[in-house]
Novice: 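Here's a structure for you.
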Amino acid sequence: MARRGAAALALALALLAVALAGAAAQGAAVEDPDYYVQEIWSREPYYARLEPEPFSPPLPAGPGEEERKLRASEPRAPKKATKPKKAPKREKLAPETPPPGKKSNRKGVKTKSSEKAAGDDHRVPVAREAVREGCPPLGLETLKITDFQLHASTSKRYGLGAHRGRLNIQAGINENDFYDGAWCAGRNDLHQWIEVDARRLTKFTGVITQGRNSLWLSDWVTSYKVMVSNDSHTWVTVKNGSGDMIFEGNSEKEIPVLNELPVPMVARYIRINPRSWFDNGSICMRMEILGCPLPDPNNYYHRRNEMTTTDDLDFKHHSYKEMRQGSELGGWSLGRWTHDGIDINNNFPDLNTLLWGAEDRQNIPRKVPNHYIAIPEWFLSENATVAVETRAVIAWMEKIPFVLGGNLQGGELVVAYPYDMARSTWQMQEHTPTPDDHVFRWLAYAYASTHRLMTDARRRVCHTEDFQKEDGTVNGASWHTVAGSLNDFSYLHTNCFELSIYVGCDKYPHESELPEEWENNRESLIVFMEQVHRGIKGLVRDLHGKGIPNAVISVEGVNHDIRTASDGDYWRLLNPGEYMVTAKAEGFTSSTKNCIVGYDMGATQCDFTLSKTNLARIREIMEKFGKQPVSLPARRLKLRGRKRRQRG
């Protein structure tokens, strides 16, 4: 039985990932059409193309020092592709010329001519064959770049400081707090900047920008300059011919925009200097820097922090256009909606309301069971707003008796356990535990505690929430309420205990990050799967040794039952302890046993043999001889009616 449970979990994890990936693949069809302007369609590797020789700015001499220059050794050119692509054509710009557009929605330097802006040639177009690929992200989104490596000229307040200028960072519910959705300059003028200290010589190849994440405000930068330095004092501006290059920024606040440098720049520092911004808005940015750190074998700090793996695996994205190639251009909502525009994360039947309503009317378990709650009729109709992917997952869950499940997600570092829906009406956040809360807490902690980062008290929060107080775990409803989640549906409609596992701050990690992500989660995945062997298991059979399907397994003190599978076998997750367990089935007398769950790995065997009730035996005998058993109360009523008629 243990093997079957483990196999079921492994299959659940694998197929659920495929199902959600398929949903993500269809989800792009209903996104903003402008998104596709940001996409790279080339099939070549991200950093395997020919590129110009990198430029390295000189390091000026300080007072009293000899004149010296610091120039990185030129890296070897990558191997030539079978069909090398030509570099994109670029038009020269007059100095300080921002990209064209509606003058009414930009601040800063105004366009003096109708010349085409440099940004027009460096934004990522659809199916552009001549795009030169650059280096992977430095790690602003993944937090590899620490807060101490980010600096800015000014900031409006702490919650809008340079440390919040990370690509895809999300604002808190209350934006006027420590966790806002971007870096925002303290003043709106041409002297503002945000910079990154790479802490080593790095070949910079590109910049990705977003506006401010906010429900209420519209703030983004529409054009900017890029500067590099080796000492953070003397800066060299990226040129386009004889003039400074002005890169085109964002046209709204969420869609990421990539700009590639015309020539890779080798330096330690890189600075973004906004030149224009959205009218009636402020200078606010989120960003990621593309760059290849140059080898430095003498630097112990970097060698100590480099992540390596000994597993011989194919670390790359397999499909969905190689996970949208640079992943960073996907935006926060990429893949969330299906082809029909449905968010399958909360597209399952809301069984919580049915259960809690029945409990309030004291109809549990007489009219509504505390488990295996039926799906409402309206949800099964063809006109219901239900994704085909959702229906497929439900059918799959009803077919296979899963015991433990985990849906893997990104964008945070936490394990969320049910309930995901708050019980109190109109509450956005409310701790709402299940009857198996102690088991769910253990399952969540089993994953989080063995993850390399989730319970690390030294790491910064991904976005706004600090989950360290609960050791990297959280009750879903106390985080944010969601009706119709997979976790709640799984718990109330099947035997499966399902959790949401958020495996990293970066929702769509770059291909170069996959080895580290694997190392971060490998042990946790193994430990999590092992938990399927914690609790009790067994068979429920009749006196002839035949398994009884659909028998109910109840644990004293836990108001949530499970049922046996088609062969009469069952698996019930429990923490170590002593439990009174009852097995019951229609037509059989119930049986109760004392089952002890130990601390050693391996579920406790707890079998039941049920005998048929007297009424069931009578019914069986009557059916055997072609007759139906007579209901005594019905017969009495019939006789009384006959006597009345005779008297009348």
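Residues: numbered from 1 along the sequence shown. What you see is a predicted model; the values in this text were computed from it and never measured. Atom set for the values below is all heavy atoms of this structure, side chains included, hydrogens, waters and symmetry mates excluded.
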Novice: Considering all heavy atoms of both residues, which atom of L574 and which atom of V597 are nearest to each other, and what is their separation?
Specialist: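 Closest approach of L574 to V597, heavy atoms only: O-CG1, 4.0 Å.
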Novice: Does any N or O in the side chain of T481 come within less than 3.5 Å of the main-chain N or O of A422, such that one atom is a donor and the other an acceptor?
Specialist: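 Yes, the answer is positive, given that a donor and an acceptor are paired below the 3.5 Å cut-off.
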Novice: Determine the minimum heavy-atom distance between A477 and T432, stating which atoms define it.
Specialist: CB-OG1, 3.6 Å
Novice: Do the side chain of Q170 and the main chain of Y179 share a donor and acceptor less than 3.5 angstrom apart?
Specialist: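 Such a contact is absent between Q170 side chain and Y179 backbone.
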Novice: Is it true that R572 and D436 have a side-chain N and a carboxylate O under 4.0 angstrom from each other?
Specialist: yes
Novice: Donor-acceptor pair, distance only, cut-off 3.5 Å: does the side chain of H560 make one with the backbone of P435?
Specialist: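 Flag not set: sc H560 to bb P435 has no pair under 3.5 Å.
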Novice: Is the backbone N or O of T385 less than 3.5 Å from a side-chain atom of N347, with the two atoms forming a donor-acceptor pair by type?
Specialist: yes
Novice: Closer than 4.0 angstrom, basic N to acidic O: yes or no for R441 and D437?
Specialist: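 Looking at R441 and D437, the cut-off is met.
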Novice: Near M601 CE, under 6.0 Å, is it more than 12 heavy atoms from other residues, nucleotides or ligands?
Specialist: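 Above 12, so yes.
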Novice: Counting C-beta onward and ignoring hydrogens, is there a side-chain heavy-atom pair between Y491 and Y419 closer than 4.5 Å?
Specialist: yes
Novice: Going by atom types only, do N521 and S524 share a side-chain donor-acceptor pair under 3.5 Å?
Specialist: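 There is no such pair between these side chains.
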Novice: Looking at D360 and R423, is any side-chain nitrogen of the basic one under 4.0 Å from a carboxylate oxygen of the acidic one?
Specialist: yes
Novice: Aromatic ring centroids of Y417 and W479 under 6.0 Å?
Specialist: no
Novice: How long is the gap from NE2 on H510 to CD on E517, to the nearest 0.5 Å?
Specialist: 13.0 Å
Novice: Which distance, rounded to the nearest 0.5 Å, do you find between the CG of N575 and the CG of L443?
Specialist: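 It comes to 7.5 Å.
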Novice: Quiz question: by atom type and distance under 3.5 Å, do the side chains of D607 and Q605 form a donor-acceptor pair?
Specialist: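 A pair is found: one side chain offers a donor N or O, the other an acceptor, under 3.5 Å apart.
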Novice: In terms of relative ring orientation, are Y445 and W442 parallel, tilted or perpendicular, with 30° and 60° separating the classes?
Specialist: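 Y445 vs W442 ring planes: tilted.
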Novice: Given E430 and S478, is the side chain to side chain contact (heavy atoms under 4.5 Å, CB included) satisfied, shown in steps?
Specialist: CA-CA 4 Å; E430 180 186 50; S478 67; over 6 Å; no
Novice: To the closest 0.5 Å, what do you measure between CG (L351) and NE2 (H493)?
Specialist: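 One gets 7.5 Å once the value is rounded to the nearest 0.5 Å.
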Novice: Take N352 and L492, measure what side chain to side chain contact (heavy atoms under 4.5 Å, CB included) needs, and give me the verdict at the end.
Specialist: CA-CA 8 Å; N352 304 58; L492 295 177; 3.8 Å; yes
Novice: After noting the C-alpha distance and the side-chain angles of I562 and H371, does the key distance pass the side chain to side chain contact (heavy atoms under 4.5 Å, CB included) rule?
Specialist: CA-CA 7 Å; I562 65 164; H371 68 292; 5.8 Å; no
Novice: Can you pull the disulfide bond (SG atoms under 2.5 Å apart) pairs that have at least one residue in residues 356-449, sequence neighbours excluded?
Specialist: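 Residue pairs passing disulfide bond (SG atoms under 2.5 Å apart), neighbours aside: none found.
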Novice: When you look at I501 and N407, which way does the side chain to side chain contact (heavy atoms under 4.5 Å, CB included) test go after all the steps?
Specialist: CA-CA 6 Å; I501 303 171; N407 50 84; over 6 Å; no
Novice: Once salt bridge (charged side-chain N to carboxylate O under 4.0 Å, His left out) is applied, do any residues pair with D471, and if so which ones, sequence neighbours excluded?
Specialist: none
Novice: Within the 4.5 Å heavy-atom criterion, are N345 and S485 side-chain neighbours or not?
Specialist: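 The answer is no, as the side chains (C-beta and beyond) never meet within the 4.5 Å cut-off.
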Novice: Of all heavy-atom pairs between K584 and S554, which one has the smallest distance, and what is that distance?
Specialist: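 Minimum heavy-atom separation between K584 and S554: CE-OG, 3.9 Å.
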Novice: Under 30°, 30 to 60°, or over 60°: which ring-plane class applies to Y447 and F528, parallel, tilted or perpendicular?
Specialist: perpendicular
Novice: Would you check if L413 and V503 make a side-chain contact, meaning some heavy-atom pair closer than 4.5 Å?
Specialist: no
Novice: Might you work through the side-chain hydrogen bond (donor to acceptor under 3.5 Å, both in side chains) test for H451 and N520, ending with a clear yes or no?
Specialist: CA-CA 6 Å; H451 190 278; N520 289 343; 5.0 Å; no
Novice: Does V527 offer a backbone N or O that forms a donor-acceptor pair with the side chain of Q531 under 3.5 Å?
Specialist: yes
Novice: Looking at side-chain heavy atoms only, is the closest gap between F440 and T434 below 4.5 Å?
Specialist: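 Answer yes - side chains close enough.
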Novice: How long is the span from the NZ atom in K537 to the OH atom in Y570, to the nearest 0.5 Å?
Specialist: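 So the gap between those two atoms works out to 10.5 Å.
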Novice: With side chains defined as the heavy atoms from C-beta onward, is the minimum distance between M421 and D350 less than 4.5 Å?
Specialist: yes
Novice: Do any N or O atoms from the side chain of N550 and from the backbone of S566 form a donor-acceptor pair under 3.5 angstrom?
Specialist: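 Not a single qualifying donor-acceptor pair exists.
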Novice: Does the side chain of T564 reach to within under 4.5 Å of the side chain of D569, using non-hydrogen atoms?
Specialist: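 No, their side chains stay 4.5 Å or more apart.
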Novice: Looking at A387 and I342, what are the two nearest heavy atoms and their distance?
Specialist: N-CD1, 3.6 Å
Novice: Determine, for K144 against E516, whether the closest basic-nitrogen to carboxylate-oxygen distance falls under 4.0 angstrom.
Specialist: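 Looking at E516 together with K144, the answer is yes, because their closest N to O distance falls below 4.0 Å.
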Novice: When you measure from the side chain of T494 to the backbone of S490, do you find a donor-acceptor pair of N or O atoms at a distance under 3.5 Å?
Specialist: yes
Novice: Quick one: are E359 and N559 in side-chain contact, heavy atoms under 4.5 Å?
Specialist: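 SC-SC contact between E359 and N559 confirmed.
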Novice: Let me confirm one number: the CG-OG1 distance from L539 to T609, rounded to the nearest 0.5 Å.
Specialist: 9.0 Å
Novice: Could you grab the distance from atom CG of L404 to atom SG of C496, nearest 0.5 Å is fine?
Specialist: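 Result: 6.5 Å between the selected atoms.
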Novice: Return yes if a side-chain donor-acceptor contact under 3.5 Å exists between T589 and S611, otherwise no.
Specialist: yes
Novice: Answer yes or no: is there a side-chain heavy-atom contact under 4.5 Å between P376 and L354?
Specialist: yes
Novice: Check R391 against S381 and note the closest heavy-atom contact, atom names and distance.
Specialist: NH2-O, 3.0 Å
Novice: To check you understand the geometry: which heavy-atom pair defines the closest contact between V540 and A551, and what is its length?
Specialist: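 Closest approach of V540 to A551, heavy atoms only: CG1-CB, 4.0 Å.
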Novice: Could you check S590 against T582 for side-chain hydrogen bond (donor to acceptor under 3.5 Å, both in side chains), going step by step and ending with a plain yes or no?
Specialist: CA-CA 7 Å; S590 61; T582 300; over 6 Å; no
Novice: Given 3.5 Å as the limit, does a donor-acceptor pair link the side chain of N495 with the main chain of V403, or not?
Specialist: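 Not a single qualifying donor-acceptor pair exists.
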